[in-house]
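Every chain is numbered from 1, with letters handed out A, B, ... down the list of sequences. Just so we're clear, the structure is a prediction, and the values are computed from it rather than from any experiment.
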There are 2 protein chains.
Amino acid sequence: MNELFFQKFNEKVPLTSEEQEQIKEYLTPKKLRKRQYILQEGDVCKAISFVEKGALRAYTVDENSNEHIIQFAIEGWTISDLFSFLTAEPATYNIDALEDAELLLITRTAHEELLRTQPKYEKYIRLLITGAYIALQRRLTSNISLPADERYTRFTETYPDIAQRVPQHMIASYIGLTPETLSRVRKKMADRK
Amino acid sequence: MNELFFQKFNEKVPLTSEEQEQIKEYLTPKKLRKRQYILQEGDVCKAISFVEKGALRAYTVDENSNEHIIQFAIEGWTISDLFSFLTAEPATYNIDALEDAELLLITRTAHEELLRTQPKYEKYIRLLITGAYIALQRRLTSNISLPADERYTRFTETYPDIAQRVPQHMIASYIGLTPETLSRVRKKMADRK
DNA sequence: AAAAACCCTTGACTTTTGTCAATGAAACAG
DNA sequence: CTGTTTCATTGACAAAAGTCAAGGGTTTTT
């Protein structure tokens, strides 16, 4: 099932069916059980993962074994440790499944080959990363300039689907709070209504 | 003087001198006085600015008229409100000069034309944005998971040149602190030594 | 050269957020 | 079905960061 991948691809860069077939050759399907890793810190990130189904997260673990959520990805989105993927240096992130998931992997060799042979793939990647960059800049701006309650509201408004599927303590981490603080923020917001 | 621009370009994507001449045609030089705006919130961002000389910053202003520094750029770096530039929506950032500056502008029409006609430009842009994305992800990770003093140390280590050139209260804002807090953090760090 | 604007520091105090610990509910696994 | 793990909440307290206000040193402007 590659439907979602090519739907998203075509939204960015329209493909002929021949081009689509050609690119399909480079995609590796992979199923993941809940809690299964697709990448562990220290390993080299070997692929970009497109999520056809399910939910994943990227996170780090600090000295005090606190987890910090870097990114969520659900159907239609892409997740990777880009730095590790592009440089072949050890990854600083862990990526695992929050639900059983079906992925399409673009391995490094597939990526390089596609970049070389398929200009539309280069454009797709450029647009993908540009979108990711803009989203990240927004997130950082919120994080620097907004108080906890607004960060949370903005998160639920921007990603209502994710907000309902992932545990609350991970959302807390994503917006830079402890679980306890988020719990209290939510309570206060409920009281104010 | 386009030296720095092409030096950086060639580091990413080697150019023949003909290609270089062709691309040069699309660059618009611009000088900026200290405090002069190259972009104001609400206007549409008309160009990507490469800094040949001087220093600029991008920032937002919130309801309480607090400034929040989004980005610095000095010689060899690029600055823009990418979202506004790419979508032609009104900018959410202000960008102005911290020192007298010399820029090379890539206007939207130049950008589109170059994307269409010069594959090496597309590659350059892809690599540029990828680098920016990775840097931003690192910054966000620090911001979420590190205490104030380590954020500051990491900033000065990562950008020693910027740390020495820009006012301290702007660095405070960049790492998500008030000027007072940064001042105290610095004092504590000096005492510990 | 004087006035104004900017910048950093410091003190006193407030607010926000984190930490530790305990509890109960729900989800999960054998 | 039952023991275990995960998750959210709450309380009491501690730590971190913000706010307000003042002072003095620079730099900039006129």
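Side-chain proximity of A:Pro167 to C:dG18, D:dA8, D:dG18: nearest is D:dA8. Closest contact between the side chain of A:Lys34 and the listed nucleotides C:dC8, D:dG18, C:dC28 involves C:dC28. Checked against D:dA17, D:dT9, C:dT10, the side chain of A:Ser183 finds its nearest nucleotide in D:dT9. Of the candidates D:dT19, C:dG18, D:dA8, D:dT19 carries the atom nearest the B:Thr178 side chain, counting heavy atoms from C-beta on.
Residue A:Lys187 places at least one side-chain N or O under 4.0 Å from the OP1 or OP2 atom of D:dT10. For B:His169, no side-chain nitrogen or oxygen approaches OP1 or OP2 of C:dC6 to under 4.0 Å. An OP1 or OP2 oxygen of C:dC6 is reached within less than 4.0 angstrom by a side-chain nitrogen or oxygen of B:Arg35. Here A:Arg186 reaches the OP1 or OP2 of D:dT9: one of its side-chain N or O atoms lies under 4.0 Å away.
Remark: C1' of C:dC6 and CG of B:Leu98 are 14 Å apart, rounded to the nearest angstrom. Rounded to whole angstrom, the span from the NZ atom of B:Lys188 across to the P atom of D:dA16 amounts to 6 Å. If you measure from atom OH of A:Tyr152 to atom C1' of C:dT17, you get 17 Å, rounded to the nearest angstrom. The distance from atom CD of B:Glu99 to atom C1' of D:dT28 is 15 Å, rounded to the nearest whole Å.
The base of C:dC8 does not come close enough to the side chain of B:Glu180 for any donor and acceptor atom to sit less than 3.5 Å apart. You'll find a donor-acceptor pair under 3.5 Å spanning the side chain of A:Arg184 and the base of C:dT19, going by distance alone.
Within 6.0 Å of NZ on B:Lys120 lie more than 12 heavy atoms contributed by other residues, nucleotides or ligands.
The pair B:Glu113-B:Arg116 counts as a salt bridge, with a side-chain nitrogen and a carboxylate oxygen less than 4.0 angstrom apart.
Contact check for B:Glu112 versus B:Leu115: no side-chain heavy atoms found under the 4.5 Å cut-off.
Geometric assessment of B:Arg57 against the ring of B:Tyr174 yields a negative cation-pi assignment under the 6.0 Å and 45° thresholds. Stacking of B:Arg165 on the aromatic ring of B:Phe72 is not recorded, the 6.0 Å distance cut-off and the 45° axial limit not both being met.
Residue order along DNA chain D, read from the 5' end via each residue's closest nucleotide, puts A:Gln168 first among A:Gln168 and B:Asn64.
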